Amino acid sequence: LGVVWNPPEALGWRPPVVTWVNKYSPAGMSDELKDALLALFDECVPKTHHWAVRNTHEAIPSMQNNLIRSLCLLFQSLFTAEKGANLDAPDILDVMKKQFMFALVWSLGGNVDGNEGKEKFSEFIRDNFNIARFPNSGVVYDYFFDAESREFKPWEEKTRVFEYNREMKFSDILVPTKDTTRYSFVMASNLEVMRGSLYIGDTGTGKSVIMADGLWNSTEELSLVPFTINFSAQTSAGRTQEQLETRFEKRRKGVIGAPINK
């Protein structure tokens, strides 16, 4: 068996992006719009990654090709008719630019550590790209693309109203905030294209709670069956398999899977 290996630095970031555009673009997307999308990558990706590597600290080390893969998949989940991307609309190019910039912020800028780093990244985006302007207040992470108005709106407008449930344990209560809303939204968007999410932060910052809340709130929309597994130094592979199998359905001998239509 012979294997030809091209390391990422030899291949470059653009060939995988071109392949992705040709394979996963929505049906009916014109060649002109595809070229415009590739032009956005050419204009933003090298400059943004180069600046971020040299001027910010990453929460965990990352590779350029993985960050760009995250950008592609996040944009793919956003660029749909249900989320405002009607290919026949006269403003489709402006919509695409705004959704691309949102995806850029939460992919190449999603691993930037600390408030100071996010403020610096936000300033860089506003100073260097006029493709789609974010509102001036706050940072670029404070806004989402609203499909109805075709504009960037603050996350507070998307945040659910808190409803107290007397039957819930105190430790399970989560008051919706701007942070829980945006992190849940990004996670749900990744799930739509079968992309996992990793929350990074100090102990006690609510990572597990936000993840669980986001999954439970997406059960109907994404046909999910959320299942939480807590790992420790003593968790074995066999024990993990046992816990997973308890939530699967037996299809036939030796074959198990998720419940039908889930």
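Bear in mind the structure is a predicted one, so any value in this text is a computation, not a measurement.
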Beyond-backbone contact of Glu151 with Lys98, side-chain heavy atoms, under 4.5 angstrom = yes
Note to self: I'd like to know whether Ile92 forms a side chain to side chain contact (heavy atoms under 4.5 Å, CB included) with Asn86, so could you lay out the CA-CA distance, the side-chain angles of the two residues, the decisive distance to 0.1 Å, and finally the verdict.
What the structure shows: CA-CA 6 Å; Ile92 184 59; Asn86 185 349; 5.7 Å; no
Do Phe41 and Cys72 have side-chain heavy atoms sitting under 4.5 Å apart?
yes
Check whether Thr19 reaches the backbone of Pro15 with its side chain - one donor and one acceptor, N or O, closer than 3.5 Å. yes
Are Asp94 and Arg150 within salt-bridge range, i.e. N to O under 4.0 Å?
no
Rounding to 0.5 Å, atoms CG (Asn115) and OG (Ser122) come to a distance of 11.5 Å
Quiz item: With distance as the sole test, does Gln99 use its side chain to make a donor-acceptor pair with the main-chain N or O of Lys83 at under 3.5 Å?
Solution: yes
Trp13/His49 under side chain to side chain contact (heavy atoms under 4.5 Å, CB included): CA gap, chis, key distance, verdict: CA-CA 11 Å; Trp13 65 266; His49 185 260; over 6 Å; no
Rounded to the nearest 0.5 angstrom, the CH2-CG distance for Trp51 and Leu108 is 11.5 Å
Quick one: does Lys178's side chain have a donor or acceptor within less than 3.5 Å of a partner on Glu157's backbone?
no
task = Could you walk me through whether Asp113 and Glu58 pass the side chain to side chain contact (heavy atoms under 4.5 Å, CB included) test, one step at a time?
result = CA-CA 5 Å; Asp113 192 23; Glu58 290 186 313; over 6 Å; no
message = Do Val21 and Leu93 land in one hydrophobic cluster if side-chain heavy atoms of ILVMFWY residues count as linked below 4.5 Å?
response = yes
Decide whether Tyr183 and Thr177 meet the rule of one side-chain donor and one side-chain acceptor closer than 3.5 Å. no
One should read off an interatomic distance between Trp20 CH2 and Leu71 CG, to the nearest 0.5 angstrom, of 7.0 Å
For residues Met96 and Phe75, determine if any side-chain heavy atom of one lies less than 4.5 Å from a side-chain heavy atom of the other. yes
Item to complete: Flag yes if more than 12 heavy atoms outside Glu220 fall under 6.0 Å of its CD atom; otherwise flag no.
Response: no
Worked check of side chain to side chain contact (heavy atoms under 4.5 Å, CB included) between Gln64 and Leu67:
CA-CA 5 Å; Gln64 184 190 46; Leu67 292 175; 5.7 Å; no
Answer yes or no: is there a side-chain heavy-atom contact under 4.5 Å between Thr240 and Phe231? yes
One should read off an interatomic distance between Ile256 CD1 and Arg247 CZ, to the nearest 0.5 angstrom, of 13.0 Å
* Asked: Do Phe134 and Asp142 touch side chain to side chain, with heavy atoms closer than 4.5 Å?
  -> no
Rounding to 0.5 Å, atoms OG (Ser30) and CG (Asp88) come to a distance of 10.0 Å
Margin query: Heavy-atom count check: over 12 atoms from other residues, nucleotides or ligands less than 6.0 Å from Glu9 CD?
Written below: yes
Do Val209 and Met211 belong together in a cluster built from hydrophobic side chains that touch within less than 4.5 Å?
no
Note: Ser184 and Thr180 closest approach over all heavy atoms is OG-O, 2.8 Å
* To do: Answer yes or no: is there a side-chain heavy-atom contact under 4.5 Å between Glu192 and Glu221?
  => yes
Lys/Arg-Asp/Glu bridge criterion (N-O < 4.0 Å) met for Glu242, Arg239 = yes
| field | ILVMFWY network linking Leu215 to Leu222, side-chain heavy atoms under 4.5 angstrom | value | yes
query = Does the cation-pi check pass for Lys153 over Phe144, that is, NZ or CZ under 6.0 Å from the six-membered ring centre and within 45° of its axis?
reply = no
- Message: For a quick check under 3.5 Å, do Thr181 and Arg160 share a side-chain donor-acceptor pair by atom type?
- Response: no
Minimal heavy-atom distance between Phe129 and Glu43, with the atoms involved, is CE2-O, 3.8 Å
query: Does Arg251 reach the main-chain N or O of Ala258 with its side chain, forming a donor-acceptor pair under 3.5 Å?
result: yes
* Please answer whether the main-chain N or O of Lys120 pairs with a side-chain N or O of Glu116 as donor and acceptor at a distance below 3.5 Å. => no
(Q) Is the shortest side-chain heavy-atom distance between Arg69 and Pro16 below 4.5 Å? (A) no
Closest non-hydrogen contact found for Phe145 with Phe102 is N-CD1, 4.4 Å
When every non-hydrogen atom of Gln76 is compared with those of Thr80, the smallest separation belongs to O-CG2, 3.9 Å
OG of Ser223 to CG of Leu191, rounded to nearest 0.5 Å, is 12.0 Å
Does the side chain of Lys262 reach to within under 4.5 Å of the side chain of Leu224, using non-hydrogen atoms?
-> no
_Checking Asn128 against Lys47: is there a side-chain donor and acceptor pair closer than 3.5 Å?_
yes
**Q.** Heavy atoms from other residues, nucleotides or ligands near CD of Glu123 exceed 12 (cutoff 6.0 Å)
**A.** no
Across all chains, not counting sequence neighbours, the side chain to side chain donor-acceptor pair (under 3.5 Å) partners of Thr228 are none
*asked:* Would a single hydrophobic cluster contain both Leu74 and Tyr24, if residues Ile, Leu, Val, Met, Phe, Trp and Tyr are joined by side-chain heavy-atom contacts under 4.5 Å?
replied: yes
Correct closest heavy-atom pair for Ser189 and Ser77 would be O-CB, 3.2 Å
What one should report as the nearest heavy-atom pair of Cys44 and Ile131 is SG-CD1, 3.2 Å
ask   = Do we get Lys118 above Tyr141's six-membered ring, with its NZ or CZ under 6.0 Å from the centre and within 45° of the axis?
value = yes
Look at the side-chain heavy atoms of Ile, Leu, Val, Met, Phe, Trp and Tyr, link any pair under 4.5 Å apart, and say whether Val18 and Leu40 land in one connected group.
yes
